[in-house]
K.L.:
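Before I ask anything, here is the structure I am working with.
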Amino acid sequence: MNDKFGCKSCTNGNYGLTNINEYGIGTKCENFMVGAPSQHQNIQPGMEYMMTPLPIFDNPNYIGSNKLKDKVAIITGGDSGIGRSVAVHFAKEGANVVIVYLNEHEDAEYTRKYIEALGRPCLLISGDLKEPCFSENVVNQVVNTFGKIDILVNNAGVQYQQKKLDDISNEQFDFTLKSNIYSMFYLTKAALPYMESGSIINTTSITTFYGEPELIDYVTSKGAIVGFTRALSTNLATKGIRVNAISPGVFWTPLQPACWEPNKIPTLGSDSDMKRMANPYEIAPAYVYLASDDSSYTTGQVIHVNGGQFKG
């Protein structure tokens with residue numbers, strides 16, 4: 001197939017990208033919006049301050065209405081990406097925010113200062129969620145500081161690109177599963193005794209629903225999150241605790257340059273109906289909905305936010 005930019009095929013070894021014009025439109029046998037230039041970070045889960053361009057995490061037109069007034073919210077991976085945007089939007093709705101992160105100290109400090117400038121407290125807790133004792137430490141710090149837990153957002157995760165199953169080492173598979181689903185189990189188990197009611201929100205992924213072939217271990221972990229969400233929601237339904245999941249499509253977060261080959265970056269989101277990837281502020285209100293009383297009759301659900309790439 002040819003087009004005005006001279007694209008002849010989508011098998012040129014560059015994920016189909018043949019041209020980016022002066023308006024940021026790329027060519028992949030069809031036009032799509034290029035959100036970022038080629039780049040890569042050799043660290044997991046990635047650093048937001050190193051990204052070009054920086055993700056947009058706050059919508060200045062979003063005006064809070066105290067939907068989460070004085071609620072205490074724990075957000076894992078809240079230092080950057082979708083987690084940072086969720087933390088900021090929760091703060092705009094009046095929440096006391098706790099950000100749990102691994103070692104992205106510069107990103108975490110920036111997020112803390114941003115939230116405090118909005119007039120809300122922000123507690124940072126750094127450590128490894130793969131260790132069960134760290135989850136207990138997180139919960140103890142939160143309860144000692146704020147006295148309760150109302151909202152738990154399990155969002156932290158890692159992903160690694162591998163072309164085929166043989167490329168995934170046993171060590172990587174173990175690391176991915178422990179980072180993405182074991183950690184969720186540990187923290188949820190530790191937090192539940194202190195949640196008299198409230199909301200648990202788990203971040204899964206669009207890749208679970210279409211089966212991304214170069215993220216096999218990641219897809220496996222995100223599929224487990226869907227099962228965990230559905231089973232736990234039924235288990236806790238009569239206890240006043242709602243459990244739901246959000247399934248993001250392609251969002252410009254540190255996971256992307258930390259995972260993909262550099263030449264994949266400009267084409268991210270090109271397969272969606274909207275022909276672009278998204279910025280984190282475009283998904284945060286969905287977390288606000290699930291955290292607030294607006295979703296008082298919603299549990300066991302997966303909300304898809306993906307620009308039409310998957311219709312669930």
Side-chain angles (χ1 to χ4, degrees), residues 41-50 57 71-88 90-91 95-116 120-160 171-195 198 200-204 217-218 221-222 224-225 228 232 253-255 258-259 280 287:
Q41 296 182 23
N42 290 315
I43 48 178
Q44 281 279 356
M47 305 290 178
E48 185 155 324
Y49 75 90
M50 297 172 60
F57 62 87
K71 299 290 187 182
V72 176
I74 301 175
I75 305 168
T76 69
D79 56 287
S80 61
I82 289 173
R84 171 186 281 179
S85 189
V86 171
V88 167
F90 279 13
N96 301 321
V97 176
V98 179
I99 289 175
V100 182
Y101 69 103
L102 181 60
N103 57 12
E104 306 92 334
H105 302 299
E106 185 168 339
D107 285 340
E109 280 295 327
Y110 181 91
T111 306
R112 179 184 63 80
K113 291 177 181 178
Y114 198 96
I115 288 172
E116 289 178 347
R120 301 307 305 176
C122 180
L123 174 64
L124 300 182
I125 306 176
S126 174
D128 189 351
L129 285 165
K130 296 192 304 299
E131 301 297 331
C133 60
F134 176 62
S135 288
E136 296 172 3
N137 179 36
V138 168
V139 168
N140 288 336
Q141 287 193 56
V142 173
V143 172
N144 288 338
T145 302
F146 296 112
K148 61 175 183 173
I149 299 171
D150 299 298
I151 303 160
L152 173 60
V153 178
N154 290 306
N155 171 72
V158 298
Q159 66 178 32
Y160 298 91
E171 291 76 16
Q172 179 186 309
F173 187 84
D174 189 57
F175 187 88
T176 300
L177 270 291
K178 285 186 175 179
S179 297
N180 295 357
I181 181 64
Y182 280 42
S183 62
M184 190 174 294
F185 168 77
Y186 295 147
L187 186 56
T188 303
K189 186 177 180 180
L192 275 176
Y194 300 92
M195 297 183 70
I200 298 172
I201 309 169
N202 302 322
T203 301
T204 181
D217 53 338
Y218 177 78
S221 70
K222 291 297 181 173
I225 290 170
F228 180 69
L232 188 63
T253 74
L255 272 185
C259 168
Y287 287 83

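This one's a predicted model, so the numbers in the text were calculated from it and none came from an experiment.
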K.L.:
Looking at Lys222 and Thr203, would you say the former's side chain and the latter's main chain have a donor-acceptor pair under 3.5 Å?
P.N.:
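A pair under 3.5 Å: yes.
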K.L.:
Using a strict 4.0 Å threshold on nitrogen-to-oxygen distance, state whether Glu116 and Lys113 make a salt bridge.
P.N.:
no
K.L.:
Atom OG in Ser80, atom OH in Tyr110: separation rounded to 0.5 Å?
P.N.:
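Ser80 OG to Tyr110 OH: 12.5 Å, rounded to 0.5 Å.
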K.L.:
What closest approach, in Å, do Pro45 and Val158 show between heavy atoms, and which atom pair accounts for it?
P.N.:
CB-CG1, 4.3 Å
K.L.:
Minimum heavy-atom separation for Cys259 to Tyr160, with atom names?
P.N.:
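Scanning both residues completely, I find the closest heavy atoms to be SG-C, 3.9 Å.
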K.L.:
Work out which heavy atom in Asn154 is nearest to a heavy atom in Leu187; give both atom names and the distance.
P.N.:
OD1-CD2, 3.9 Å
K.L.:
Look up atom CD1 in Ile225 and atom CG in Leu232, then write down how far apart they are to the nearest 0.5 Å.
P.N.:
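That separation rounds to 12.5 Å.
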K.L.:
Given 3.5 Å as the limit, does a donor-acceptor pair link the side chain of Ser179 with the main chain of Thr176, or not?
P.N.:
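It does not hold such a pair.
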K.L.:
Who passes ring-ring contact (aromatic ring centres under 6.0 Å, His included) against Tyr287, sequence neighbours left out?
P.N.:
none
K.L.:
Judged by atom type as modelled, is there a donor-acceptor pair below 3.5 Å linking the side chain of Arg84 to the main-chain atoms of Gly78?
P.N.:
no
K.L.:
Using side chain to side chain contact (heavy atoms under 4.5 Å, CB included) as the criterion, point out the one residue from Val153, Ile115, Asp107, Val86 that pairs with Ile99.
P.N.:
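It is Ile115; the other options fail the test.
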K.L.:
Applying side-chain contact (heavy atoms from CB on, under 4.5 Å), run through Phe134 and Val100 and close with a yes or a no.
P.N.:
CA-CA 10 Å; Phe134 176 62; Val100 182; 3.7 Å; yes
K.L.:
Check the surroundings of atom NZ in Lys189: do more than 12 heavy atoms from other residues, nucleotides or ligands lie under 6.0 Å from it?
P.N.:
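For Lys189, atom NZ is not crowded (no more than 12 foreign heavy atoms under 6.0 Å).
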K.L.:
To the nearest 0.5 Å, what is the distance between CD (Glu104) and CE (Met50)?
P.N.:
12.0 Å
K.L.:
Please report the shortest heavy-atom distance between Thr253 and Pro280, naming the atom on each side.
P.N.:
CG2-CG, 4.3 Å
K.L.:
I'd like to know whether Arg120 forms a side-chain contact (heavy atoms from CB on, under 4.5 Å) with Asn96, so could you lay out the CA-CA distance, the side-chain angles of the two residues, the decisive distance to 0.1 Å, and finally the verdict.
P.N.:
CA-CA 6 Å; Arg120 301 307 305 176; Asn96 301 321; 2.7 Å; yes
K.L.:
Count the heavy atoms belonging to other residues, nucleotides or ligands that lie under 6.0 Å from NZ of Lys130, then report whether that count exceeds 12.
P.N.:
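More than 12 heavy atoms, drawn from other residues, nucleotides or ligands, come within 6.0 Å of this atom.
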K.L.:
Please report the closest heavy-atom contact between Ser135 and Ser183, naming both atoms and the distance.
P.N.:
OG-O, 4.4 Å
K.L.:
Applying the side chain to side chain contact (heavy atoms under 4.5 Å, CB included) test to Ile149, which of Leu192, Val142, Val138 qualifies?
P.N.:
Val142
K.L.:
Does some side-chain heavy atom of Tyr186 sit less than 4.5 Å from a side-chain heavy atom of Leu129?
P.N.:
no
K.L.:
Measure from the side-chain N and O atoms of Gln44 to the backbone N and O of Gln159, and report whether any donor-acceptor pair falls under 3.5 Å.
P.N.:
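It does hold such a pair.
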K.L.:
Are the side chains of Pro121 and Phe146 in touch, meaning some heavy atoms are under 4.5 Å apart?
P.N.:
yes
K.L.:
Give the C-alpha distance, both sets of side-chain angles, the deciding distance and a yes or no for side-chain contact (heavy atoms from CB on, under 4.5 Å) between Leu102 and Asp128.
P.N.:
CA-CA 6 Å; Leu102 181 60; Asp128 189 351; 4.2 Å; yes
K.L.:
Would you check if the side chain of Glu48 reaches a backbone N or O of Gly81 as a donor-acceptor pair within less than 3.5 Å?
P.N.:
yes
K.L.:
To the nearest 0.5 angstrom, please state how far the CD atom of Glu109 sits from the OH atom of Tyr101.
P.N.:
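Between atom CD of Glu109 and atom OH of Tyr101 there are 6.5 Å.
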K.L.:
Quick check for you: to the nearest 0.5 Å, what is the distance between Asn140 atom CG and Tyr194 atom OH?
P.N.:
5.5 Å
K.L.:
For a 4.5 angstrom cut-off between non-hydrogen side-chain atoms, does Val98 reach Gln141?
P.N.:
no
K.L.:
When rounded to the nearest 0.5 angstrom, what is the spacing between CG in Asp150 and CD1 in Ile74?
P.N.:
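Reported value, rounded in 0.5 Å steps: 9.5 Å.
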K.L.:
State, to 0.1 Å, how close Gly46 and Pro254 come at their nearest heavy-atom pair, and which atoms those are.
P.N.:
C-CB, 3.6 Å
K.L.:
Report the C-alpha separation of Leu152 and Asn202 in whole Å, then their side-chain angles, then the decisive distance to 0.1 Å, and conclude whether the side-chain contact (heavy atoms from CB on, under 4.5 Å) test is met.
P.N.:
CA-CA 8 Å; Leu152 173 60; Asn202 302 322; over 6 Å; no
K.L.:
Are any side-chain N or O atoms of Gln41 and backbone N or O atoms of Met47, one a donor and one an acceptor, separated by less than 3.5 Å?
P.N.:
yes
K.L.:
Is the backbone N or O of Ala156 less than 3.5 Å from a side-chain atom of Thr76, with the two atoms forming a donor-acceptor pair by type?
P.N.:
yes
